[in-house]
2 protein chains.
Amino acid sequence: MKNRIQKLCRDKRITQEELAVLCTVTRQTIISLENGRYNPSIFLAHKISQIFHLTIEEAFLFEEDIHELR
Amino acid sequence: MKNRIQKLCRDKRITQEELAVLCTVTRQTIISLENGRYNPSIFLAHKISQIFHLTIEEAFLFEEDIHELR
DNA sequence: ATTATACGTAAAGTTGACTTTACTTTTTGG
DNA sequence: CCAAAAAGTAAAGTCAACTTTACGTATAAT
């Protein structure tokens, strides 16, 4: 899944390492997320979003719209 | 993690089975989520939230506020 | 009271999110 | 240019999200 982490880090001038520490995950996890190697757990997505003052939906990009209930 | 799924289903008058089908997961997954046996993946959280026209943060309740970047 | 429908539990299996370690490449600053 | 910092890759291991199957219980309607 696509995300804005790389750009957000650049804008806020924090390194992957610093973000990793703030999220209490490893640097490898951040790298793998950025490069789309895997998708965040809901907790990690939430932590990252909070750090950048965004909602999960703002920080992470969900592709397909699914059938909704009216 | 706590969530509003049970109440949302009641209000919208849909069964766990129906929600499961809409989300393309099994009924057991919905039950286990409702009962807090495990936490949703970000995709499932997103699907459920969309079905009820909510954001993930509205449908699922994150407890701890973490250190934020100013 | 009985049936059908919805809700719940249990347990074994698969898969992918995340860790750990170790090494390589790229970028940045003096 | 050179060193240090940052970014990246690889690979093996752990753990929890989710499936599958198969029962058991509660609720509602006839």
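Chain A is the first sequence line, chain B the second, and so forth, proteins listed ahead of strands; every chain is numbered from 1.
Contacts of A:Glu34 classified as side chain to side chain donor-acceptor pair (under 3.5 Å), with partners at least two apart in sequence or in another chain: A:Gln6, A:Gln16. Applying the side-chain contact (heavy atoms from CB on, under 4.5 Å) test to A:Thr55 and every residue at least two apart in sequence or in another chain returns A:Glu57, A:Glu58, B:Glu57. Every residue was checked against the side chain to side chain donor-acceptor pair (under 3.5 Å) condition with A:Ser32, not counting sequence neighbours, and none meets it. Legend: residues meeting side-chain contact (heavy atoms from CB on, under 4.5 Å) with B:Glu18, ordered by chain and number and at least two apart, are B:Ile14, B:Thr15. Here A:Lys7 pairs with A:Asp11 under the side chain to side chain donor-acceptor pair (under 3.5 Å) rule; sequence neighbours left out.
Looking only at distances, no side-chain donor or acceptor of B:Lys2 sits under 3.5 Å from a matching main-chain atom of B:Leu61.
Residue pairs meeting the salt bridge (Lys or Arg N to Asp or Glu O under 4.0 Å) criterion with at least one partner in residues 19-30 of chain A, sequence neighbours excluded, are A:Glu17-A:Arg27.
Across the protein-nucleic acid pair, A:Glu34 atom CD and C:dA17 atom P stand 16 Å apart, rounded to whole Å. We find that CG of B:Leu19 is positioned 14 Å from C1' of C:dA6, with the value rounded to whole Å. As a whole-Å value, the separation of B:Glu17 CD from D:dA26 P is 20 Å. For the pair B:Gln16 CD and D:dT27 C1', the computed distance is 13 Å after rounding to whole Å.
Checking the phosphate oxygens (OP1, OP2) of D:dA6, no side-chain nitrogen or oxygen of A:Gln6 falls inside 4.0 Å.
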Which side-chain N or O atoms in residues 37-45 of chain B pair as donor and acceptor under 3.5 Å with protein atoms at least two apart or in another chain?
unit_1	atom_1	unit_2	atom_2	d
B:Asn39	OD1	B:Met1	N	3.0
B:Ser41	OG	B:Phe43	N	3.4
B:Ser41	OG	B:Leu44	N	3.1

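For the helix from C:dA1-D:dT30 to C:dG30-D:dC1, the angle separating the two terminal helix axes comes to 50°, with each axis derived from five pairs and the value rounded to 10°.
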Could you run down nucleotides 9-18 of chain D 5' to 3' and tag each one B, S or - for protein heavy-atom contact under 4.0 Å?
BB------SB

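Residue contacts for A:Glu18: at a heavy-atom cut-off of 4.0 Å it reaches no nucleic acid atom on any strand shown.
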